[in-house]
Amino acid sequence: MRNLIFGALAGLLAASPLRAQDAGAPFAGKPLAPASILAIDSTFSDVVGSSSPGYALGIVRDGHLIFAKGYGLANLEDRVPITPDTVFHLASLSKQFTAAAVALLILDHKLSLDDPVSRYIPEAAKYGPDLRVKHLIYMTSGLHEYSDVPRPNGLPWFSAYRFTRDDAIQASLSQPTLVYAPGTKWTYSNINYMLLTKIVEKISGQSFASFAQDRIFAPLGMSASLIDDDSTLVIPHRAIGYAPRSDKTLGELAQVGILAQPGTGDVRLDRNSPHFGGSGVFSSINDLARWDANWYTQRLAGPAFTALMNKRIKFQHDKDNDAFGLVFGNYDGRQTIWYAGDDLDGSTYMIRFPAQRLTVICLSNNPLGDAQARTMQTLKVLETAGLLN
């Protein structure tokens, strides 16, 4: 079951708005058969024709967007429909972009996975020279997750109570020792990727947002994508986060001191804390299709970049399927590369089938929307259509 508040920490944890929306794709391949489209539409029937938050779904094959559609509303106040151009907070799908920035610096010969973290983050020197950049990438650093450390002002680590990346890093590095020796255990932790953005900034001399724009988004034509490092930003076509005004939602909000009125409809959930690294990337289906196409066109930094993004390392623990902000998996005997995200303002999921050269992307502005489950339903349709063969 999705958890609105603590799931967010873990992820950190064009017509009538009453029907599904299509929009122009950045590129198009052979479209899905009508029967497959109807079958996919049926999996989102609960949000079609409703005044609720919803989903954007994209299917990319051989670097071409063969299906892109929106279901539900991006903005309930103004009844703005979701389309493939709607910009969502990617939550933890952001990690692959943080890792991509690191990969580019490695290919520039300005950074090594074996560099000690303290070379770039002096405050980490107390943890000794064995804490390396690779331990951050693969989440085996032993660093304290910031949300496990009390905030100095006593407020919850929750977006409504504004905090920044640097606030989170300061909290984590305030701890005198590591939780465990680097490389000996694996712990999902956003602080690793927050620190990686600091390292990128230290080496490049740019803000992380500028580096990502110059080296990743602009070269790939991802014109709608950005790093949300400023909570005052106006983000065009942005999907606002909403969750059902249910007892569950109200109860979780009450746990962090937010008293929402009971009733029907939805609760608006705004991302007021501009932290990034583990999250913080905003993008659309159309832009993510461009990102996925690079796995095959290798337009960004050539084949060495893709190889590095897919690189796995064996440590002293059993988990060996992590790559650069990505996870290798298996779907009915087929190799996959995937990642999931959950945050206050949405739920996201992206899964790539390298051998079939097919990727499914699902983005939701409902943190309880379970984008992964919707993706799995879509995969069943694609499997029936023979697209996973």
Side-chain angles (χ1 to χ4, degrees), residues 6-13 91-92 94-96 98-99 101-103 105-106 110-158 163-203 208 273 275-280 308 311-327 339 341-343:
F6 301 106
L9 291 175
L12 253 86
L13 301 343
S92 284
S94 303
K95 289 181 173 68
Q96 60 196 280
T98 300
V102 171
L105 289 176
I106 291 173
K110 296 179 179 179
L111 177 66
S112 168
L113 286 174
D114 289 319
D115 284 348
V117 173
S118 59
R119 180 177 299 177
Y120 309 103
I121 312 291
E123 299 90 337
K126 60 178 172 285
Y127 304 134
D130 292 337
L131 177 59
R132 308 288 175 139
V133 171
K134 63 186 177 184
H135 297 125
L136 303 180
I137 286 281
Y138 294 98
M139 297 202 187
T140 183
S141 65
L143 288 162
H144 290 258
E145 177 66 307
Y146 71 91
S147 56
D148 293 336
V149 179
R151 287 182 74 173
N153 57 15
L155 292 174
W157 291 104
F158 185 64
F163 67 92
T164 66
R165 173 202 60 176
D166 290 348
D167 293 333
I169 289 175
Q170 184 179 15
S172 176
L173 297 186
S174 71
Q175 302 304 292
T177 60
L178 297 174
V179 179
Y180 52 80
T184 60
K185 297 181 181 180
W186 181 91
T187 307
Y188 186 91
S189 177
N190 289 291
I191 198 64
N192 294 298
Y193 277 71
M194 291 176 167
L195 281 167
L196 287 171
T197 66
K198 291 286 283 189
I199 292 173
V200 170
E201 290 179 341
K202 185 73 174 285
I203 294 172
F208 184 72
S273 295
H275 54 83
F276 56 93
S279 57
L308 190 50
K311 182 180 179 67
R312 289 174 281 180
I313 294 178
K314 179 64 179 174
F315 293 94
Q316 298 174 50
H317 52 77
D318 293 335
K319 195 174 192 304
D320 60 0
N321 63 332
D322 279 355
F324 271 48
L326 300 165
V327 178
Y339 221 78
D342 291 294
D343 211 331

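Because only heavy atoms are used, hydrogens play no part in the values below, and waters and symmetry mates are left out as well, while side chains stay in.
- Formation of a donor-acceptor pair under 3.5 Å by the S273 side chain with backbone atoms of H275 is not found in this model.
- For the side chain to side chain contact (heavy atoms under 4.5 Å, CB included) with L143, the qualifying choice from V179, L195, V117 is L195, the only one to do so.
- Put simply, the side chain of F276 does not reach to within 4.5 Å of the side chain of Y193, judged on heavy atoms.
- What you find for I191 and A168 is that their closest heavy atoms are CD1-O, 3.6 Å.
- Residues D115 and I199 are not in side-chain contact: their nearest non-hydrogen atoms beyond the backbone lie 4.5 Å or more apart.
- Using a 4.5 Å heavy-atom cutoff, the side chains of R312 and F324 are not in contact.
- The pair K134-D114 meets the salt-bridge criterion, with a side-chain N (NZ, NE, NH1 or NH2) lying under 4.0 Å from an Asp/Glu carboxylate O.
- Between F315 and H135, the ring planes lie tilted relative to each other; the angle falls in the 30° to 60° range.
- Counting only heavy atoms from C-beta outward, the side chains of S174 and V149 approach each other to under 4.5 Å.
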Step by step, would you call Y180 with T140 a side chain to side chain donor-acceptor pair (under 3.5 Å)?
CA-CA 9 Å; Y180 52 80; T140 183; 4.9 Å; no

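- In this structure, K319 places its NZ atom where more than 12 heavy-atom neighbours from other residues, nucleotides or ligands lie under 6.0 Å away.
- The shortest distance between side-chain heavy atoms of T197 and R165 falls below 4.5 Å.
- Between R151 and D167, none of the side-chain N atoms (NZ, or NE/NH1/NH2) sits under 4.0 Å from a carboxylate O, so this pair counts as no salt bridge.
- Of all the heavy atoms in L173 and K126, the pair that sits closest is O-NZ, 2.7 Å.
- The residues K198 and E123 are annotated as not salt-bridged, no charged nitrogen and carboxylate oxygen being separated by less than 4.0 angstrom.
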